[in-house]
Asker: 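Here it is, the structure, as C-alpha cells.
Whatever order the structure lists them in is the order used to number ligands and atoms, beginning at 1. Keep in mind that this is a model prediction, so the values were computed, not measured.
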Amino acid sequence: MDRKTALLASDASGITRAAELLRQGGLVALPTETVYGLGGDATNGEAVAGIFAAKGRPSFNPLIVHLPDASEAGRYAVLSPEAEALAERFWPGPLTLVLPMRADTELSPLVSAGLPNVALRVPALELARGLLRETGRPVAAPSANRSGRVSPTRAAHVMDGLSGRIDAVLDGGPADVGVESTIVGLWDVPRLLRPGGLPAEEIEEALGRPLAGPPDGGAPAAPGMLASHYAPGASVRLGATGIEVGEVLLGFGDAPGAALNLSPAGDLREAAANLFGYLRDLDGMAPVIAVSPIPETGLGRAINDRLRRAAAPR
Ligand code: TXA
Ligand code: MG
C-alpha cells in the first residue's frame with residue numbers, strides 16, 4: 001500500500017478531482033462538520049474493501065453512507081414516520097440514522113457488514129454536500145483515522161495517519177463540531193447508539209419520547225462503541241482536579257496549570273471542537289493526559305463518552 005496522497009484545495013477543481021477519484025473507485029478523505037471521513041463509492045465493493053484496508057479496521061464494522069440530500073434516503077432505506085420527522089428536522093446535520101435497508105439498493109453488502117440495517121447521514125458542511133452531489137454516488141465513510149486512533153478534525157491529522165494509503169484528502173479546514181455524529185437506531189424503538197454532535201436531548205424533544213439504549217446481547221450494534229476505541233498513545237485519567245507527576249492537564253473551564261484548555265469559558269461546543277486536536281497535541285508530551293471534569297449534559301455526553309473510551313484499559 002504505497003500511493004501518493006494528493007492534498008486537494010476546497011475550490012472547484014479540488015472538488016472535481018475528488019469526485020472523479022471517488023467515481024473511479026479511489027479513496028478520498030473528505031471534511032464534514034463533525035470529523036473528516038475516509039470516503040469510497042458505497043456501490044463499489046472494492047472501494048469499500050479498500051476503506052477497511054487503509055484504516056486497518058476489522059471488516060465487520062459497518063459504515064455510514066453519506067448523501068447530499070435527505071430526499072435521497074428513501075433510495076436506500078425504509079423511513080418510518082419517526083425517521084422522516086428526524087430527517088426533516090436535523091438533516092443536513094450531525095445525526096446518523098440506522099434504518100432498515102431496502103432490498104433493492106445498489107449498495108455493496110460490505111457497507112452494512114451483512115446487517116439488515118444501513119446507517120445514513122446528510123452532513124451539514126456545504127463542501128461535503130457539494131462533493132457528494134458532484135460524485136453522484138452514495139459515499140461510505142468512517143472517520144479518517146487508522147483503526148483505534150482518535151478521529152481527525154483537520155486535513156493534517158488525516159495525512160498523519162493515512163498518507164500513502166489513500167488517493168487524496170480534500171482540505172476543508174478545521175471541523176467545527178469536532179465529535180462524530182449522534183447515531184440513532186430506528187428499526188424498532190428509537191435507540192441512542194452513540195452520543196455525538198447533536199445532543200440526545202434535542203432528539204428526544206423532537207420525538208416526544210425518550211431514546212432507548214442500544215440493544216443488549218451479542219455483537220455491539222455500533223462496534224465503534226467498543227471500550228478502548230478512541231485512543232491516543234498516552235494513557236488518559238479523567239475527572240482530574242490537579243496533575244500528578246508524569247501528567248499533562250487537558251483543562252475545561254477554570255483549570256490552572258492546564259497545558260491546553262478545551263474551553264476556558266466552559267463552553268461544551270468549543271470543547272467538542274477542540275477535543276480530538278488537543279488529544280493529539282498533548283500525546284507524547286507526558287505518559288498520562290489528565291482531563292478536567294466535564295458535565296454530563298448536552299454535548300458533554302459525547303465528549304465524556306469519547307474520553308472514557310480513550311481512558312479504557314488497552
Ligand atoms: O460524524 C460521523 O459520523 C463521521 C463522519 C465521517 O460522518 N463518521 C464516523 O464513522 O464516525 P465511523 O465509522 O467512525 O463510526 C460509525 C459508527 C460505527 O460505530 C459503526 O459501527 C456504526 O456507526 N454503524 C454503521 N452502520 C451501522 C449499522 N448498520 N448498524 C449499527 N451501527 C452502525
Ligand atoms: Mg471512527
Asker: For ligand 1, which atoms have a heavy atom of H66 less than 4.0 angstrom away?
Answerer: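 Once the distances to H66 are compared, the set is 5 (C), 6 (C), 7 (O).
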Asker: Does any N/O atom on T34 come nearer than 3.5 Å to any N/O atom on ligand 1?
Answerer: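 Between T34 and ligand 1 (N or O atoms, distance only) the closest approach is under 3.5 Å.
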Asker: Is it true that the side chains of R306 and S151 contain a donor and an acceptor less than 3.5 Å apart?
Answerer: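 No, no side-chain donor-acceptor pair sits under 3.5 Å.
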Asker: Return yes or no for this condition: an N or O of E180 is under 3.5 Å from an N or O of ligand 1.
Answerer: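 For ligand 1, there is no N or O atom that lies under 3.5 Å from one belonging to E180.
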Asker: Near G37, which atoms of ligand 1 are under 4.0 Å from a heavy atom of that residue?
Answerer: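 Taking each heavy atom of G37 in turn, ligand 1 has 6 (C) under 4.0 Å.
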Asker: Would you say the side chains of R194 and S181 form a donor-acceptor pair under 3.5 Å?
Answerer: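 Per modelled atom types, R194 and S181 side chains form a pair under 3.5 Å.
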Asker: Working to the nearest 0.5 Å, report the span between CG of L120 and CH2 of W91.
Answerer: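 The CG atom of L120 sits 5.0 Å away from the CH2 atom of W91.
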Asker: Where's the contact between N61 and ligand 1, heavy-atom distance under 4.0 Å: side chain, backbone, both or neither?
Answerer: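 Under 4.0 Å from ligand 1, N61 contributes no heavy atoms.
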Asker: Taking the minimum heavy-atom distance to atom 3 (O) of ligand 1, which of S151, S181, A141, A29 ranks first?
Answerer: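 Among S151, S181, A141, A29, the closest heavy atom to atom 3 (O) of ligand 1 comes from S181.
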Asker: Is the shortest N/O to N/O distance between K55 and ligand 1 below 3.5 Å?
Answerer: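 So ligand 1 has no N or O lying under 3.5 Å from an N or O of K55.
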Asker: CG/L21 to CG/L131 distance, rounded to the nearest 0.5 angstrom?
Answerer: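 One finds 10.0 Å between CG of L21 and CG of L131.
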Asker: Looking at R102 and D104, is there a salt bridge between them, counting it only when a charged N and a carboxylate O are closer than 4.0 Å?
Answerer: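 Salt bridge present between D104 and R102.
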Asker: Give, for atom CD of E33 and atom CD of E126, the distance between the pair rounded to the nearest 0.5 Å.
Answerer: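 E33 CD to E126 CD: 10.5 Å, rounded to 0.5 Å.
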Asker: Whether E20 and R23 form a salt bridge (side-chain N of Lys/Arg under 4.0 Å from carboxylate O of Asp/Glu) is what I want to check.
Answerer: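 No, this pair does not count.
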Asker: As an exercise, identify every atom of ligand 1 less than 4.0 angstrom from a heavy atom of P142.
Answerer: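 Atoms satisfying the 4.0 Å criterion: 10 (O), 12 (P), 13 (O).
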Asker: Looking only at distance, does T32 have an N or O less than 3.5 Å from an N or O of ligand 1?
Answerer: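 Looking only at distances, the answer is no, because the N/O contact criterion of under 3.5 Å is not met.
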Asker: Under a 4.0 angstrom heavy-atom cut-off, which atoms of ligand 1 come close to I64?
Answerer: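 Numbered from 1, ligand 1 contributes 3 (O), 8 (N), 9 (C), 10 (O), 16 (C).
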Asker: I'd like to know if R146 and D160 make a salt bridge, using a cut-off of under 4.0 Å between side-chain N and carboxylate O.
Answerer: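 Here R146 does not pair with D160 in a salt bridge, since their nearest N and O are not under 4.0 Å apart.
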Asker: Does the N or O separation between N117 and ligand 1 drop below 3.5 Å for any pair?
Answerer: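 Between N117 and ligand 1 (N or O atoms, distance only) the closest approach is under 3.5 Å.
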Asker: Quick check: does S143 put an N/O/S atom under 2.8 Å from the Mg ion (ligand 2)?
Answerer: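 A backbone or side-chain N, O or S atom of S143 is under 2.8 Å from the Mg ion (ligand 2).
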Asker: M101 near ligand 1, heavy-atom distance under 4.0 Å?
Answerer: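 No, M101 has no heavy atoms under 4.0 Å from ligand 1.
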Asker: Salt-bridge test for D305 and R301: reply yes if a basic N is under 4.0 Å from a carboxylate O, no otherwise.
Answerer: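 Looking at R301 together with D305, the answer is no, because their closest N to O distance does not fall below 4.0 Å.
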Asker: Does V35 come within less than 4.0 angstrom of ligand 1, counting non-hydrogen atoms of the residue?
Answerer: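 Per 4.0 Å heavy-atom rule, V35 contacts ligand 1.
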Asker: S112 to ligand 1: N or O pair under 3.5 Å?
Answerer: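 Not met; the criterion fails.
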Asker: Provide the closest heavy-atom pair for M101 versus L115 in the form atom of the first, atom of the second, distance.
Answerer: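 Smallest heavy-atom distance, with atoms named: CE-O, 3.5 Å.
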